[in-house]
Structures are given as structure tokens and as C-alpha cells.
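Structure first, then comments.
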Amino acid sequence: MTLDSLQLLFFKNYEAASLQFTPGLNCFIGDNGSGKTNLLDAVHYLSLSKSALTPIDGNSIKQGADFFVVKGNFRADADDAPETIQVSLRQGQKKVLTHDKQPYERMADHIGRYPAVLISPYDTDLIREGSEERRKYFDSLLSQFDHGFLDVLIAYNALLRQRNALLKQAAERPSQGFDRDYLLAIDDQLAPLGEQLSEQRAVFIERFTPLFQQHYQQLADGRESVSLTYRSQLLETEFGQLLRQNERRDFVMQRTTAGAHRDDFVFLLDGLPVKGYASQGQQKSYAIALKLAQFEILTLRAAALGTAATKPLLLLDDIFDRLDDKRIARLLELVANDTFGQVFLTDTNLARTDRALANVQAPIRRFSVQAGTVIQL
Ligand SMILES: Nc1ncnc2c1ncn2[C@@H]1O[C@H](COP(=O)(O)OP(=O)(O)OP(=O)(O)O)[C@@H](O)[C@H]1O
Ligand SMILES: [Mg+2]
């Protein structure tokens, strides 16, 4: 699958932009703050209907404007007709996502159809931040991997919100009494969904881990051993039982304190937590290996489904700046040996990019980015 073209209107620091891409490597070159990462984020929007940088869509509307549009033409294969994906948002309204001008009934139906993997300087946040970041990351990946998972996740989150609202209401308005039957009715539905989430995450991590370990070994020359484990109370105790055990506490805390929304993923390097023990370089390698494994597992999935769209788009943000030469060389080996499909990368220095890509056979297109304008070089 390739993205043939991209059009922006009032998106971040762009008033209007129109770009034609090569199926090979597309390089965005420009100074700090010129809008390179914003272009990758626009591609991210087309793939996942959301920004990689901000959870608030309104932030992506250009300052002073009242809407944004991001539009892209994808092609499954060179001779297939293009498919147009458009994401738009008007201030204060709901985001609209269309496929060939038809709005999706559910945003979720789009997820996984045009996969993209972003490798960015923020990836190490996955290691340093709390469990929520990691859950979000793996849930988003699993949702692209398996649509059934996303459906269960959406249903689970909706019930969880209802349950938490009930607990809060009971605490805030004790005079109205507490409808325990309603709580039990929610729990009857919540329990099987939570168990499904945990099971699916466990199965996924088992498939994912060997791919991840292999990529880490390649990046780091096999010096250390890494592991990745999934931790969930639900793998040991039935969720229904757990909800009963925690009912009093939930009541006091006014929220659901145990469940699939509290699971975590534990990152280890030579048996020790990556956060706190691993060096910065090791943390970077760990994070990149996660992303490369993500790329591989999405590729394997597409191949298994027999879709023409075999490879996700690869978005490489600032890699030359943040990685040492050895790791860049290893990444570019993967670019050169056709592991990847279409690639989009950013850098501040054209000469450095050209040097790094000197041995790449795939077609290369360069774009100069300057304060919200792009021109093809
Ligand atoms: N909603 C918005 N409206 C206007 N400008 C915005 C908006 N959101 C972000 N920007 C601007 O976009 C610019 C940042 O763009 P971007 O992150 O793409 O830069 P970059 O070229 O990747 O820079 P660097 O090399 O530092 O990573 C900043 O100047 C920022 O103020
Ligand atoms: Mg940037």
C-alpha cells in the first residue's frame, strides 16, 4: 500500500499544502519548527484517524482558523484505483472521517485498513511513563491487528464509564441511595469483556515477544537479552470475583480499582526493569525494537489476510539526529533490503540525509519544508 498524495488545509502550521509522493522514500528536510513532524502527523491522521502528538484534535487546527482538512489518496497496488481518505474537524464539532467521500459509520471500521508505524523521539515515553501509556500503545496495536479486540475494548470502556459514574453518583448524592442491582448488572457484562481483553493481550504478547527480541538483538548486536511480559490480575482471578472483592474499595475511591484497565506490560533488560536500569541508548533500542516488531507483526497480518496492502507505511521522525551511526546503519539496512514499503522520514540536514541514503536502491523524493510551506526538490 502506498500513499500517493497528501493535501492539507489549516492543519497545524500549514495553511494549504499539496504533496505527491514516491512509493519509495520520501524525505522531509527543514529547520527545527518548520513543520516536518506535522507532515508525518498528517499521515498518522489518515492511518489512525488521530494525531500521534496530541490527544486533543482541536490542537491540530491552525491557530486562528476554525477547521482543518487532511486528505490523502492511497493505492493498494500500483494498478489499483486510488482510495481517498479525508479527516476533517471544525471547531466545536465532531471529527469527520470519510472513505471515497462516504463517512464511516464508526471510526473504528477504519482502523487497521491503512496501517502506519511511527518511529519517533517520543517512543521512549513508553518506557518512562506510567502503565497507561503502555496499555494504550499495545491496545492500539492490537486494534490494528484484530478488529474484534477493538470492539471488545470499546464496549468495555463504555461499561467502565457507566460503572464509575454510578460509583461517583452514589458518593456524591448518598441521600438518593445506591442502586446495587444496577452495579451487579453492569458487572455481569463487564466481567466477560475484561477477561476477553486480558486473554487477547496475553496471546498477542506471546506472538509479539519473539519478534521484538529478534529486532532488539539485531539493533544492539546481541549484547543484552530483553523480555516483555504482560501483567494482569485477571489472568489469576476471575474478574467477577475481583469486582466483588474490591466493591467496598471501589465505593470509597469512586472508581473501579481492578480490571483490564489496570493491566501493565513489564519491560526487562537482563532481568532488570528497563526504566531505571537501562542506559539511554538501550532504552532507545528497546523502543525502536518495539516499533520494528510492530511493523513486522502488522505486515504478517496483512500477508495472512491476503490483502494487497501488505506493508504499513513507515514514518521515521528525526532518526539521524537521535540515533548513533550504527543503529542508523542497521535501520537503513532494513530500508535497503526491502523489509519496508513506503517510507517517510524527516531530518534537518539534506547533505546528511543524502549520505545516509547513498546505498538505498528504492526511489527517493526530497521535500524542503520551510515555515509551513513544502516544495519538492
Ligand atoms: N495548531 C497549530 N497552529 C499553528 N501552528 C502550529 C500548530 N500546532 C503546531 N504548530 C507549529 O508547528 C511547528 C512545529 O512543527 P513541527 O513539529 O512539524 O516541526 P519540525 O519541523 O518537526 O521541527 P523539529 O525539527 O524541531 O522537530 C511549531 O512552530 C508549532 O508552533
Ligand atoms: Mg520534528
Side-chain angles (χ1 to χ4, degrees), residues 3 5-19 21 25-72 86-97 116-126 128 280 284 287-288 291 313-324 327-328 331-332 335 343-357 364-377:
L3 178 64
S5 63
L6 175 71
Q7 273 140 39
L8 307 178
L9 274 180
F10 302 110
F11 181 74
K12 302 204 168 177
N13 67 332
Y14 292 91
E15 189 167 310
S18 178
L19 294 85
F21 297 127
L25 259 78
N26 297 277
C27 309
F28 304 129
I29 312 293
D31 292 339
N32 293 134
S34 57
K36 304 180 297 295
T37 302
N38 290 346
L39 291 175
L40 298 186
D41 205 31
V43 178
H44 195 273
Y45 254 109
L46 294 176
S47 171
L48 289 158
S49 78
K50 63 181 183 194
S51 168
L53 303 170
T54 167
I56 303 161
D57 289 311
N59 289 350
S60 298
I61 300 177
K62 189 174 196 300
Q63 285 286 315
D66 57 3
F67 72 93
F68 81 73
V69 179
V70 176
K71 184 170 154 184
Q86 178 172 310
V87 186
S88 59
L89 176 75
R90 192 167 276 283
Q91 203 79 258
Q93 294 187 8
K94 266 184 85 175
K95 183 165 57 178
V96 181
L97 176 68
V117 175
L118 168 69
I119 297 185
S120 107
Y122 297 115
D123 289 343
T124 44
D125 288 357
L126 272 178
R128 285 198 297 267
Q280 282 190 347
K284 275 186 212 165
I288 293 172
K291 292 300 183 82
L313 307 180
L314 183 67
L315 315 175
L316 300 173
D317 198 10
D318 269 357
I319 50 159
F320 302 134
D321 225 15
R322 323 262 170 170
L323 294 183
D324 58 36
R327 269 189 298 229
I328 291 172
L331 251 185
L332 291 176
V335 173
V343 180
F344 300 83
L345 64 83
T346 73
D347 192 29
T348 47
N349 186 321
L350 181 60
R352 173 169 61 180
T353 302
D354 280 344
R355 268 199 311 278
L357 301 180
I364 298 176
R365 194 169 285 185
R366 299 166 186 80
F367 298 87
S368 161
V369 183
Q370 281 175 38
T373 59
V374 202
I375 46 164
Q376 190 182 321
L377 294 173

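Counting starts at 1 for both ligands and their atoms, in listed order. Keep in mind that this is a model prediction, so the values were computed, not measured.
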Would you mind running through ligand 1 and noting each atom that sits below 4.0 Å from a heavy atom of [X]?
X     : result
Ile61 : 1 (N), 2 (C), 3 (N)
Thr37 : 17 (O), 18 (O), 20 (P), 22 (O), 27 (O)
Lys62 : 1 (N), 3 (N)
Gly35 : 15 (O), 16 (P), 18 (O), 19 (O), 20 (P), 21 (O)
Asp31 : 21 (O)

Would the distance check show the side chain of Asp123 and the main-chain N or O of Ser120 forming a donor-acceptor pair, the cut-off being under 3.5 Å?
yes
- prompt: Counting distance only, does the side-chain N/O of Thr346 pair as donor-acceptor with the main-chain N or O of Asp318 below 3.5 Å?
  reply: yes
Is there any N or O on [X] that sits under 3.5 Å from an N or O of ligand 1?
X     : result
Gly30 : no
Asn38 : yes
Ser60 : no

In this structure, CG of Leu315 is separated from CG of Asp317 (nearest 0.5 Å) by 8.5 Å
- Query: Is it true that some N/O/S atom of Asn38, main chain or side chain, lies under 2.8 Å from the Mg ion (ligand 2)?
  - Reply: no
Within the 4.0 Å heavy-atom cut-off, what Asp317 brings close to ligand 1 is neither
Q | Phe367 ring center near Phe28 ring center (under 6.0 Å) | A | yes
Result for side chain to side chain donor-acceptor pair (under 3.5 Å) between Lys12 and one of Asn59, Thr54, Asp41, Thr37 points to Asp41
Query raised in the report: Among side-chain atoms of Asp57 and Tyr45, is any donor-acceptor pair under 3.5 angstrom?
Result: yes
Side-chain contact test, heavy atoms from C-beta onward, threshold under 4.5 Å: evaluate it for Leu39 versus Phe344 and give yes or no. no
